[in-house]
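Everything below concerns the one structure shown next.
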Amino acid sequence: MAQTPRKIFLGVAWPYSNGSLHIGQIVGAYLPADIFARYHRAAGNDVLMVSGSDGHGTPITVRAEQEGRSPAEVSARFHEEFLESWQRLGISWDLFTSTGTENHARVAQEIFLKLLEQGDIYQDKMLLPYCLVEERFLLDRYVEGTCPICGYESARGDQCDNCGNVLDPIDLKDRRCKFDGSEPELRESEHFFHRLSAYEGPLKEWVRDKTYWRKPVLNWSLGWLEGGLKDRAITRDMQWGVPVPVQGWESKRIYVWFEAVIGYLSAAIEWAQGSGEPQRWREFWQDPECRHYYFIGKDNIPFHTLIWPSYLMGYSKATGENYSLPYDVPANQFQTIRGSKGSTSRGSAIFVPDLLSRYDPDALRYYLSATMPETSDSDFTWADFLRRNNDELVATWGNLVNRVLTFAYRNFDREVPQPGELRGEEAISQTGREIDLCHFRAGLEAAMSAAREANRYVEENAPWRLIKEDRARCATVLYTGICAIAGLNVAFSPYLPFSSQKQHGQLGNEGPVQAIGWRFSPPSPGQPLAEPEPLFKKLDPKIVDEEEARMGR
RNA sequence: CGCGGGGUGGAGCAGCGGCAGCUCGCCGGGCUCAUAACCCGGAGGUCGUGGGUUCGAGUCCCACCCCCGCUACCA
């Protein structure tokens, strides 16, 4: 199926390093990206998967203020935690860096200057609320007032909680500072703007043939385009972030949403430097044959389907070089927690480090893969997690492996018996096809379905009866079962990397399971079997109540 | 008020113009190699509501109702 070796670039959302990773980020972006990357690497394609901590922006400074630390300290602390989470979850980055590197600032400033020279970025004045008491410009959300649309008195500067309309703080009546209640004055501030409006035509043209994008992704993008694109301010009155590379702008910083997306490019450059071939990033960024995929949550869609492409179009033009645009942005919907969006304050957020302290990574990966919100929001419940682990992962796949290997180990001198028919090729190719299309749930289901078929095969051929009647035939049946397992193990490997590696070893193989590639490789008859041991643990039903209690229900 | 997504057997989901499908659960049976796991059979849905288009509609169109997100240390 995977025809010619391909080049694939995966850009994955940059998490704000202001708190622990939670389950929604994993299921929404990091897990699908990892499955995709693992599959393509096994299939022999050249993959570059990058991301990093987004260490700038207001969320970081807010947290830093609360803790009385510097933004840099906060960011560094969570960056370290992220690295550990990736490792334990098995998210296989080629590079996970941060926006705090010199390299990133240099690349971001370079793009900023090129776009400035070209006229894509221009200076203008804007009126911003300035608090005389706090002596600083106030962020949109720190201004409150009366909503001009519905009259609600506690509307925030960015949006009215009552009617839901997106607002501009200037439109509010009876404005007041959220901190001290004083009335902010409107003070003129000089800022740089990106001429997004100029890219409306080119973007419309570019999006036109993206019919294969997921429905929400395409509709969201088209909706923005139809509404007309507005120029966006790309600098902010703050001290934390990438400096504006223009004289006299020392008191301002580049807006986090301008520079963070540039991380996709700067990370590739950093990766190339680290690999000892500093120019190698060009293979992924400037070769038109390389396909770019961006794995993100649905809230980030316009940034990746319109805004980031507009920067790339402009930068390509300014430099005369080709910078690839996204091929697909398979954004996921949200995974709600017991029916609503995860919330720390309501005790319904589920954080990765905590989760990994009690559960195996593959159990989590299985559950999240099976319930991935690809087409619509899906819901996380502990009861469902328990059920899918015990009744699907353990009972179907885990049990197949365990029953066949245990039987073979005991009855055939602890080695792989002699050959006969069913293999695992079909599962491998079908799962591969689905992953290639970013249908991750379907890919997993294809493998599970093949595991059920293998269980049926074992049942119908009853080796426990054959062992007494026809030892040679029994060996054939078991060999066939083992072949199915070996094949299925490849199909499951992008989803369940830890247990796949273990299974690989149980069949007496050495080296990494990925070395097989994305194909069926028959086990050698006579090869010694390791003593079988269950691949997965059954969970105790009481965890449901325990976890619910832990979440403060 | 607006924008996007969704409402399909007990639960979770797929189907997106042509006899309503999958996993789990449930009921009945089989097997005993296996983590009380596995296999077979069965019951169970007028596909949110009301109109319309069509020879034919979960599947297209219109209106309405409900849920989720777009705001909150939170994808």
Side-chain angles (χ1 to χ4, degrees), chain A residues 13 15-16 18-30 58-60 62-63 66-67 140-141 147 149-150 155-156 158-167 214-217 219-224 226-227 296-301 331-337 339-346 348-349 351 370-371 373-379 381 383-384 387-388 390-392 394-396 398-408 410-411 439 441-442 445 448-449 452 454-460 462-467 474 478 481 532-539:
Chain A
Y16 274 129
N18 71 329
S20 295
L21 291 162
H22 58 85
I23 205 170
Q25 294 169 295
I26 304 304
V27 75
Y30 306 106
T58 319
I60 313 288
V62 167
R63 174 112 190 188
Q66 283 169 351
E67 297 189 355
D140 292 358
R141 71 172 75 157
C147 174
I149 296 165
C150 72
R156 285 199 321 273
D158 49 354
Q159 182 161 24
C160 172
D161 280 337
N162 187 48
C163 68
N165 276 299
V166 175
L167 305 173
R214 290 180 179 176
K215 198 158 95 177
V217 176
N219 286 352
W220 203 288
S221 307
L222 292 174
W224 267 52
E226 277 163 28
I296 58 167
K298 68 175 170 183
D299 56 325
N300 282 339
I301 290 171
N332 275 323
Q333 302 297 297
F334 285 125
Q335 179 149 70
T336 54
I337 309 296
S340 59
K341 194 181 177 190
S343 159
T344 312
S345 54
R346 286 202 303 272
S348 61
F351 293 107
T371 61
E374 291 174 2
T375 51
S376 59
D377 289 354
S378 64
D379 194 38
T381 65
D384 197 42
R387 183 190 70 69
R388 286 198 181 263
N390 289 2
D391 301 340
E392 294 181 6
V394 173
T396 302
N399 184 238
L400 170 70
V401 174
N402 196 227
R403 69 194 299 206
V404 170
L405 295 194
T406 306
F407 198 84
R410 289 188 193 148
N411 295 290
H439 297 165
R441 281 190 313 204
E445 177 52 30
M448 282 301 273
S449 179
R452 277 178 224 109
N455 267 318
R456 222 168 292 136
Y457 171 86
V458 173
E459 195 70 27
E460 282 161 11
W464 48 91
R465 200 162 53 237
L466 287 173
I467 191 72
C474 181
L478 286 178
E533 185 183 305
L535 241 31
F536 310 103
K537 289 199 285 276
K538 202 160 176 170
L539 293 169

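Letters go in sequence order (proteins before strands), and every chain restarts at 1.
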Notebook entry, point to check: Which atom pair, heavy atoms only, marks the closest approach of A:Glu374 to A:Asn332?
Noted result: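 So the two residues come closest at CA-OD1, 3.3 Å.
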
Note to self: So which atom in A:Phe407 and which in A:Pro463 form the shortest heavy-atom distance, rounded to 0.1 Å?
What the structure shows: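 Closest approach of A:Phe407 to A:Pro463: CZ-O, 3.5 Å.
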
Notebook entry, point to check: What is the distance from CG of A:Asp379 to P of B:G69, rounded to the nearest Å?
Noted result: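 The distance from CG of A:Asp379 to P of B:G69 comes to 11 Å, rounded to the nearest Å.
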
Item checked: Basic-acidic side-chain contact under 4.0 Å: A:Arg441, A:Glu445 ->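 Not counted as a salt bridge, because no side-chain N and carboxylate O are separated by less than 4.0 Å.
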
Regarding [X], tell me which of base, sugar-phosphate or nothing describes its non-hydrogen contacts under 4.0 Å with the strands shown.
| X | value |
| --- | --- |
| A:Leu535 | base |
| A:Asn399 | base |
| A:Pro534 | base |
| A:Glu392 | sugar-phosphate |
| A:Gly24 | base |

Side chain of [X] only, heavy atoms from C-beta on: which candidate in [options] is closest?
| X | options | answer |
| --- | --- | --- |
| A:Val458 | B:C38, B:G12, B:C33 | B:C33 |
| A:Phe536 | B:C22, B:U35, B:G4 | B:U35 |
| A:Arg63 | B:U35, B:C73, B:C39 | B:C73 |
| A:Arg452 | B:C24, B:A37, B:C31 | B:C24 |

Does a side-chain N or O from [X] land closer than 4.0 Å to OP1 or OP2 of [N], or not?
| X | N | answer |
| --- | --- | --- |
| A:Arg403 | B:U32 | no |
| A:Asn390 | B:U35 | no |
| A:Lys215 | B:C16 | no |
| A:Lys538 | B:A37 | yes |
| A:Arg456 | B:C40 | yes |
| A:Asn18 | B:C74 | yes |

Checklist line | Gap between atom CG of A:Leu405 and atom CG of A:Leu400 - 0.5 Å precision | finding: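 If we round to the nearest 0.5 Å, A:Leu400:CG and A:Leu405:CG are 8.5 Å apart.
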
Item checked: Base orientation of B:G58, syn vs anti, 90° cut from 0 ->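 That one's syn.
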
Margin query: Is any side-chain heavy atom of A:Asn455 closer than 4.5 Å to one of A:Glu459?
Written below: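 No, too far: nothing below the 4.5 Å cut-off.
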
